[in-house]
There are 2 protein chains.
Amino acid sequence: MGKGAKVDTFPPEDETGSARFDRIYCSLRDRICLLDYPPGTVLSEVALAREFEVSRTPIRRVFHRLEFMGLVQIRNGVGTIVTDIDLKTFKETYDLRKRLAEMMGELSPVEITATHMTQIDLIIARAREIETHRGNYDDLALIANDTQRLLSDLTGNTPLREIAELLYIRVARIWFTLLPQFGWDEAISGQLHELREIRSGMADNDIRAVGQYRSKDLQRMMNLLGRSLVGS
Amino acid sequence: MGKGAKVDTFPPEDETGSARFDRIYCSLRDRICLLDYPPGTVLSEVALAREFEVSRTPIRRVFHRLEFMGLVQIRNGVGTIVTDIDLKTFKETYDLRKRLAEMMGELSPVEITATHMTQIDLIIARAREIETHRGNYDDLALIANDTQRLLSDLTGNTPLREIAELLYIRVARIWFTLLPQFGWDEAISGQLHELREIRSGMADNDIRAVGQYRSKDLQRMMNLLGRSLVGS
DNA sequence: CAAATACAATCTGTATACAGCTTGTATTTG
DNA sequence: CAAATACAAGCTGTATACAGATTGTATTTG
């Protein structure tokens, strides 16, 4: 999943230290989140060092960041393994995300700009474009990612934004794993429904409504999950 | 402040890797939080490497963790500097912490045990003991830290607990900096009041009430801060 | 044959030398 | 004298060799 979805950028000539770190970190984070590296995958420091044309040191720095984000577990003498999430933690995280979504509009809300409207319209257009491409879960995942990014832009409270992003990154890939179980129609129509709700709230310049829609949709996902687990 | 409050433990003989990391990380984190290293302090990798009898490598690992926690800023060619917090971020963080405190009792609440009651009683006893030791802000800070730790133990939702701790660590020292401005009587009586409120909620096995008390007290701190800033 | 044991392969953790960046200072230059 | 410049000191970033930990496997031993 997602193999062809992202092209890793080549390093520019004058790349500074932190830019290189960000490049490698974002690459690996996205590979994990988009399931190029599924849970259980053992990441090799030396192999990645060769691929990114650096030594082990910067790779290790990235690994420790990924561990802090909850995406890998580093074990001495064993290796660095992409984490899985137990259902209890998954549910707790979604419960919390649901609450944080409600806060989005209540803590220092931002003003909706024309740029924001352009962004949501573009995302909706992309979702409609793949509506009939049954089973295109890769692009659906990218759309979900961009939706989260847009909602981040609409979150005025900085710490809240950071934490919402962190929790999203932690559980997004688990969600992506479950997506196919729901079937394409349910998945894409749910995503489009959420996007249109969000857009209506944005059109009214009502961030509070946007947050409540998001919260409701997270609840809907939890319900779907519950049904899926009972049904399997 | 806090110089004599904490004794760094000696490394045991059979110390494993991650234990060493935790030891150094907690030492430096506490030194920053308890203002042994006030904002603006430049931390030296080589000096700390000498002190902890390791090479620069583990110290760098700790520095990157501290940077992720928001306690230091690492700048290439310059140094690693203990951060300060601007008032906007400080207020945003408190607004968020206030909301998270309310959630404590609502998301998977835990059962209060006799151990928990013993802990809160011990903290209250310590607070009463220093009640007449005017200006003993160091011990007051330690009491505030242990209060936070107890509330963490009462938070059943794991991600919520982690995030509440993170936000506390980020802003605690700023709060400690401001404490003396409020005067000893206000500071110690406020702390004791909060502790007794928390205890009453715990005695009723009502985590929701505990969270609401905590939220209210965070609001009270914000109000004090506002007055202090207007008055200065 | 089964169980304990020794070992080798492979991984992360650490130490250290060196490269690159930033900044204050001394020097040069108009 | 003032401003631009060259430089040196000190910091973090990187590369790499080596140490320590873990685990699967082959060997030994009863």
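These figures come from a predicted structure and were not determined experimentally. Values reported hereafter were calculated over all heavy atoms of this structure, with side chains retained and with hydrogens, waters and symmetry mates removed.
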What is the distance from [atom1] of [X] to [atom2] of [N], rounded to the nearest Å?
X       : N      : atom1 : atom2 : value
B:Phe52 : C:dG13 : CZ    : P     : 19 Å
A:Glu53 : D:dT14 : CD    : P     : 15 Å
A:Ile59 : C:dT12 : CD1   : C1'   : 14 Å
A:Arg50 : D:dA15 : CZ    : P     : 14 Å
B:Arg60 : C:dA15 : CZ    : C1'   : 13 Å
B:Asp22 : C:dG13 : CG    : C1'   : 14 Å
B:Arg20 : C:dT12 : CZ    : P     : 18 Å

Aromatic rings B:Phe90 and B:Tyr94: how do their planes relate, parallel, tilted or perpendicular, breaks at 30° and 60°?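 The arrangement is tilted - the two ring planes meet at 30° to 60°.
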
Any carboxylate oxygen within less than 4.0 angstrom of a Lys/Arg side-chain nitrogen, looking at [X] and [Y]?
X        : Y        : result
B:Asp95  : B:Lys98  : no
A:Arg126 : A:Asp146 : yes
B:Glu67  : A:Arg61  : no
A:Glu165 : A:Arg149 : no

Which residues satisfy the side-chain hydrogen bond (donor to acceptor under 3.5 Å, both in side chains) test with A:Arg29, sequence neighbours excluded?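 Scan of A:Arg29 (side-chain hydrogen bond (donor to acceptor under 3.5 Å, both in side chains), adjacent residues dropped) gives none.
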
Are B:Ser55 and C:dT14 close enough that a side-chain N or O sits under 4.0 Å from OP1 or OP2?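 Checking C:dT14 against B:Ser55, no side-chain N or O comes under 4.0 Å of OP1 or OP2.
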
Under 4.0 angstrom between A:Arg61 side-chain N/O and D:dT14 OP1 or OP2: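 It does, given that an N or O in the side chain of A:Arg61 lies less than 4.0 Å from OP1 or OP2 of D:dT14.
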
Stems where DNA chain D pairs, listed by first number, each of three or more Watson-Crick or G-U pairs under 3.5 Å: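 Stems (3+ consecutive pairs) listed as C:1-30 with D:1-30.
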
Decide yes or no for B:Met104 and B:Asn157: does some side-chain heavy atom of the first lie under 4.5 Å from some side-chain heavy atom of the second?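 The answer is no; the side chains never approach within 4.5 Å.
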
Every protein N/O lying under 3.5 Å from an N/O of nucleotides 6-11 of chain D:
unit_1	atom_1	unit_2	atom_2	d
D:dG10	N2	B:Gly77	O	3.2

B:Ile74 vs A:Thr57, nearer the 5' end of DNA chain D by closest nucleotide: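 Closer to the 5' end of DNA chain D: B:Ile74.
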
Choose from D:dT12, C:dG13, D:dT16 the nucleotide whose nearest atom is closest to any side-chain atom of B:Arg56.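 The answer is D:dT12.
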
is_close_aromatic(A:Trp175, A:Tyr168), centroid dist under 6.0 Å: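 For A:Trp175 and A:Tyr168, the ring centres are not under 6.0 Å apart.
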
Can you tell me if B:Arg65 and B:Tyr25 form a side-chain donor-acceptor pair at under 3.5 Å?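 On atom types as modelled, these side chains do not qualify, holding no pair under 3.5 Å.
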
